[in-house]
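The structure appears below as structure tokens.
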Amino acid sequence: MSKPKARISFTVDGKKCSAAPGQTILQAAKDNGIYIPALCRWEGFKPAGACRVCTVRVGGRYMAACTQPVTDGMAVENDVPDLQDMRKALIEMLFVEGNHMCPTCEKSGNCELQALAYRFLMLVPRFPFQFPARRVEPAGKKILLEHNRCIKCLRCVRGVRTRDNKAVFGTLRRSRDKKISVDQVLASALTDKQARQAMDRCPVGSILKKEVGFAVPIGRRKYDKEPIGSDVEKARG
Ligand code: FES
């Protein structure tokens, strides 16, 4: 019988950590009670490396913690001022690139982008607002696609599927013109539970379930109660 592979030792900002072979930096850091901010990642989906909010530095090189496997002896820089400011700039870019009206958004308090903006103490973005012309698109019988809020994280493309495993969402065009597309027939085939899951998998308020709104009042939602990342950090104590 082959012996189980030994654990890997690495550090994050000088703190000693251990990981199972093959774990990504982000997952291994989380298991050691260290929060690395992330937006496009969703546990259980193949990482896409789309948002770069999880960028860390190893040996002077920048890498996405959600895609890079941890290696023995790796020294990861995570919570350092220049990296944190770079992440904050990325979050600000996401805000100015779309049209995000948090006070009227159904996802306010459950929105990961908004929660990260609070975590990073974002006030006025350093970049000019783009005010792009985007629309709200009905997506089958159960959901709406609010393109104004979409951050192209591709979580819906990777993770929203019908019962027979067909992808409901895809992408159109490239670069800054990239847009999420939806298959109207497949979207109509989603069950109520799947439509709810689709909404939950979207980190912002871009996928909304029709015919429900503000069922939980703003102020009593997930990130109204607890800042994003605090669940991971509490585990370290
Ligand atoms: Fe790693 Fe988006 S969470 S690139």
Side-chain angles (χ1 to χ4, degrees), residues 10 12-13 17 19-20 22-71 74-80 82-98 100 107 110-120 122 125 127 147 149-160 167 169-171 174-176 178-180 197-207 222-223 227-233 235:
F10 70 110
V12 178
D13 299 327
C17 301
Q23 275 193 308
T24 62
I25 296 172
L26 192 133
Q27 185 61 50
K30 183 179 174 204
D31 290 352
N32 285 273
I34 295 166
Y35 176 65
I36 299 177
L39 265 179
C40 68
R41 179 181 176 275
W42 180 274
E43 214 153 321
F45 296 173
K46 195 165 176 244
C51 73
R52 314 313 274 190
V53 169
C54 68
T55 298
V56 291
R57 192 164 47 214
V58 179
R61 291 184 54 212
Y62 294 86
M63 47 190 74
C66 67
T67 56
Q68 184 68 38
V70 73
T71 55
M74 197 178 236
V76 179
E77 287 180 84
N78 170 46
D79 188 5
V80 291
D82 65 320
L83 272 178
Q84 295 289 41
D85 187 59
M86 194 192 71
R87 292 168 178 158
K88 186 177 179 183
L90 285 171
I91 291 158
E92 291 174 13
M93 276 187 228
L94 291 171
F95 269 95
V96 301
E97 185 275 340
H100 298 270
K107 205 72 182 275
N110 287 325
C111 171
E112 292 172 42
L113 179 64
Q114 182 194 44
L116 281 175
Y118 280 126
R119 183 175 172 110
F120 282 90
M122 188 188 105
F127 309 104
H147 290 285
R149 301 171 186 153
C150 179
I151 57 167
K152 285 96 167 180
C153 65
L154 309 180
R155 274 170 33 172
C156 58
V157 176
R158 288 172 285 154
V160 180
F169 295 95
T171 55
R174 303 179 68 165
S175 188
R176 64 175 294 175
K178 187 186 262 181
K179 183 174 180 269
I180 297 298
Q197 276 174 347
M199 182 169 163
D200 291 344
R201 283 175 185 178
C202 175
V204 291
S206 194
I207 299 178
K222 186 173 178 187
Y223 301 121
I228 195 166
S230 55
D231 52 338
V232 176
E233 290 163 338

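This one's a predicted model, so the numbers in the text were calculated from it and none came from an experiment. When a ligand or atom number is given, it counts from 1 through the structure's own listing order.
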Fill in: salt bridge (charged side-chain N to carboxylate O under 4.0 Å, His left out) contacts touching residues 51-60 (sequence neighbours left out)
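Salt bridge (charged side-chain N to carboxylate O under 4.0 Å, His left out) check on residues 51-60 returns Arg57-Glu77, Arg57-Asp82.
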Mind listing the protein N/O/S atoms less than 2.8 Å away from atom 1 (Fe) of ligand 1? Waters don't count.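 Per the 2.8 Å query on atom 1 (Fe) of ligand 1, atoms found are Cys54 SG, Cys66 SG.
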A side-chain contact here means heavy atoms from C-beta on lying under 4.5 Å apart; do [X] and [Y] qualify?
X      : Y      : result
Leu83  : Tyr62  : yes
Lys152 : Glu97  : yes
Gln23  : Lys30  : no
Ile228 : Tyr118 : no

### Task
Would you please test Ile207 and Arg201 for side-chain contact (heavy atoms from CB on, under 4.5 Å) and show each step?
CA-CA 9 Å; Ile207 299 178; Arg201 283 175 185 178; over 6 Å; no
